[in-house]
Protein chains: 2
Amino acid sequence: MSSELEVLRDYLQQHGLRFTPERESIVREIFSRHDHFTVDELYLGLRQKRAISRASLYRTIPLLIEAGLISEVFQDSGQTRYEHTYGHEHHCHLRCQNCGEVVEFHEPVLDDLEARVAAEHGYISSGHRLEVLGTCPSCQKKSSLRN
Amino acid sequence: MSSELEVLRDYLQQHGLRFTPERESIVREIFSRHDHFTVDELYLGLRQKRAISRASLYRTIPLLIEAGLISEVFQDSGQTRYEHTYGHEHHCHLRCQNCGEVVEFHEPVLDDLEARVAAEHGYISSGHRLEVLGTCPSCQKKSSLRN
DNA sequence: GTAATTGCAAACCGTTTGCAAACCG
DNA sequence: CGGTTTGCAAACGGTTTGCAATTAC
């Protein structure tokens, strides 16, 4: 069981890339937060510790995805949101269309369904993304007050 | 059972909006194609019949989504892809990460799962989006040839 | 008649890229 | 030392918006 930094180091080495302090800081920052972040939020969070350009963030993110450390979660009004996934059980998202609140849930059934659907069409599956949309309890209250 | 144009007309009327020839053409074009289109593809398709500005397309699409005629399918290298959904059974997508091929499939289990997951968190659900990712048969062959 | 809609062109904004200096191995 | 990485600023491309003319109702 290796840490995210070891995963990064190994990935870089295997691809003839370099382990730089910038890349280390980015991974540290990403694994210190537990939210669905945008590149800009990451930039602002990092800025307090070490100045890193947005360009480097944009260049690093594809590497981290390739290395299996993070993944795209969804699009939020034009911006992509990411989460760290390495070391975490796969999960899906339940999102309130009104306020944007996100709840994570785990449904083992989906793994079987993924494999079955893929097989039925001759595909080899490599993952799935399920988003359930709805209205959260507190937004339900708010809208019932308005009526 | 009403047609897509009637749905459009009703939606517009109920919201104090106008039924224009442009909006009619857009809906006709969308329901004449059976693919996952981008705004630009729609623009090029329409252009042959009636010139409509991209601005009008961008302004009309949110209305059609609100009216329940179309929905976003997924992001494809920066562009949003849509499909017409009115009159069609809800389905999900199996996508090849290599060539982008998309297969649609229907899994009734997901409707139950959607309702159950939502209920468990006090949500009222309004839909779900599941994307299964993998490698299609023909891309599997290609990659086995390379090795 | 009057408010909604259209097309145009400019603005917007997240993301990508060319380049020269800095730096990892 | 050589090739990679960085930061900067400019470019890019999809989408949004202000405005004046047009049009649905």
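Labels below follow one simple rule: chain letters A, B, ... track the order of the sequence lines, proteins then strands, and each chain is numbered from 1. Everything numeric in this text was worked out from a predicted model, so none of it was measured. Every heavy atom of this structure was used, including side-chain atoms; hydrogens, water molecules and symmetry mates were not.
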[Y] and [X], any side-chain heavy atoms less than 4.5 Å apart:
{"X": "A:Thr85", "Y": "A:His91", "value": "no"}
{"X": "B:Glu29", "Y": "B:Arg50", "value": "no"}
{"X": "A:Ser71", "Y": "A:Tyr82", "value": "no"}
{"X": "A:Ser25", "Y": "A:Lys49", "value": "no"}
{"X": "B:Ile52", "Y": "B:Ile26", "value": "yes"}
{"X": "B:Leu69", "Y": "B:Tyr11", "value": "no"}
{"X": "A:Asp76", "Y": "A:Thr38", "value": "no"}
{"X": "B:Leu130", "Y": "A:Leu113", "value": "yes"}

Are any of [X]'s side-chain N or O atoms less than 4.0 Å away from OP1 or OP2 of [N]?
{"X": "A:Arg23", "N": "D:dT5", "result": "yes"}
{"X": "A:Ser53", "N": "D:dT6", "result": "no"}
{"X": "B:Thr20", "N": "D:dA24", "result": "no"}
{"X": "B:Tyr58", "N": "D:dT15", "result": "yes"}
{"X": "A:Thr80", "N": "C:dT15", "result": "yes"}

In plain terms, say whether A:Asp40 and A:Arg54 are close enough for a salt bridge, that is, a side-chain N and a carboxylate O under 4.0 Å apart.
->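 The answer is yes: the pair qualifies as a salt bridge.
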Nucleotide [N], atom [atom2] - distance to [atom1] of [X] in whole Å:
{"X": "B:Arg54", "N": "D:dG14", "atom1": "CZ", "atom2": "P", "value": "8 Å"}
{"X": "B:Leu57", "N": "C:dC8", "atom1": "CG", "atom2": "C1'", "value": "14 Å"}
{"X": "B:Glu41", "N": "D:dT15", "atom1": "CD", "atom2": "C1'", "value": "16 Å"}
{"X": "B:Leu12", "N": "C:dA4", "atom1": "CG", "atom2": "C1'", "value": "11 Å"}
{"X": "A:Ile52", "N": "D:dC8", "atom1": "CD1", "atom2": "P", "value": "12 Å"}
{"X": "A:Glu22", "N": "D:dC8", "atom1": "CD", "atom2": "P", "value": "11 Å"}
{"X": "B:Leu46", "N": "C:dG7", "atom1": "CG", "atom2": "P", "value": "10 Å"}
{"X": "B:Arg9", "N": "D:dA24", "atom1": "CZ", "atom2": "C1'", "value": "12 Å"}

Per nearest nucleotide of DNA chain C, the residue lying toward the 5' end, B:Gly16 or B:Ala55, is B:Gly16
What nucleic acid atoms does A:Pro21 come within less than 4.0 Å of, heavy atoms only: base, sugar-phosphate, or nothing?
-> sugar-phosphate
Give one of base, sugar-phosphate or nothing for B:Thr38, where a contact means two heavy atoms less than 4.0 Å apart.
->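 Counting heavy atoms under 4.0 Å across all strands, no contact is made by B:Thr38.
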B:Glu22 versus B:Ser56, side-chain donor and acceptor atoms under 3.5 Å | no
Any side-chain donor-acceptor pair under 3.5 Å between B:His93 and B:Glu131?
-> no
Closest to the [X] side chain: [options]?
{"X": "A:Leu17", "options": "D:dG7, D:dT5, C:dG7", "answer": "D:dT5"}
{"X": "B:Phe19", "options": "D:dG7, D:dC25, D:dT4", "answer": "D:dC25"}
{"X": "B:Val39", "options": "C:dT16, D:dG7, D:dT15", "answer": "D:dT15"}

Joint cluster assignment, B:Ile65 & B:Leu46, ILVMFWY side-chain distance < 4.5 Å = yes
Bend across the helix from C:dG1-D:dC25 to C:dG25-D:dC1, to 10°, with axes taken over 5 pairs at each end?
->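 The two end axes of the helix from C:dG1-D:dC25 to C:dG25-D:dC1 meet at 40°.
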With a cut-off of 6.0 Å (strictly less than), are more than 12 heavy atoms of other residues, nucleotides or ligands near CZ of B:Arg28?
->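 Open.
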Residues from residues 65-76 of chain B sitting under 4.0 Å of DNA chain C, heavy atoms only?
-> none
Distances for protein N or O near nucleotides 19-21 of chain D N or O, under 3.5 Å:
none

Name the residue closer to the 5' end of DNA chain D, choosing between A:Ile26 and B:Gly78 according to the nucleotide with the nearest heavy atom.
->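 Final value for this comparison: A:Ile26.
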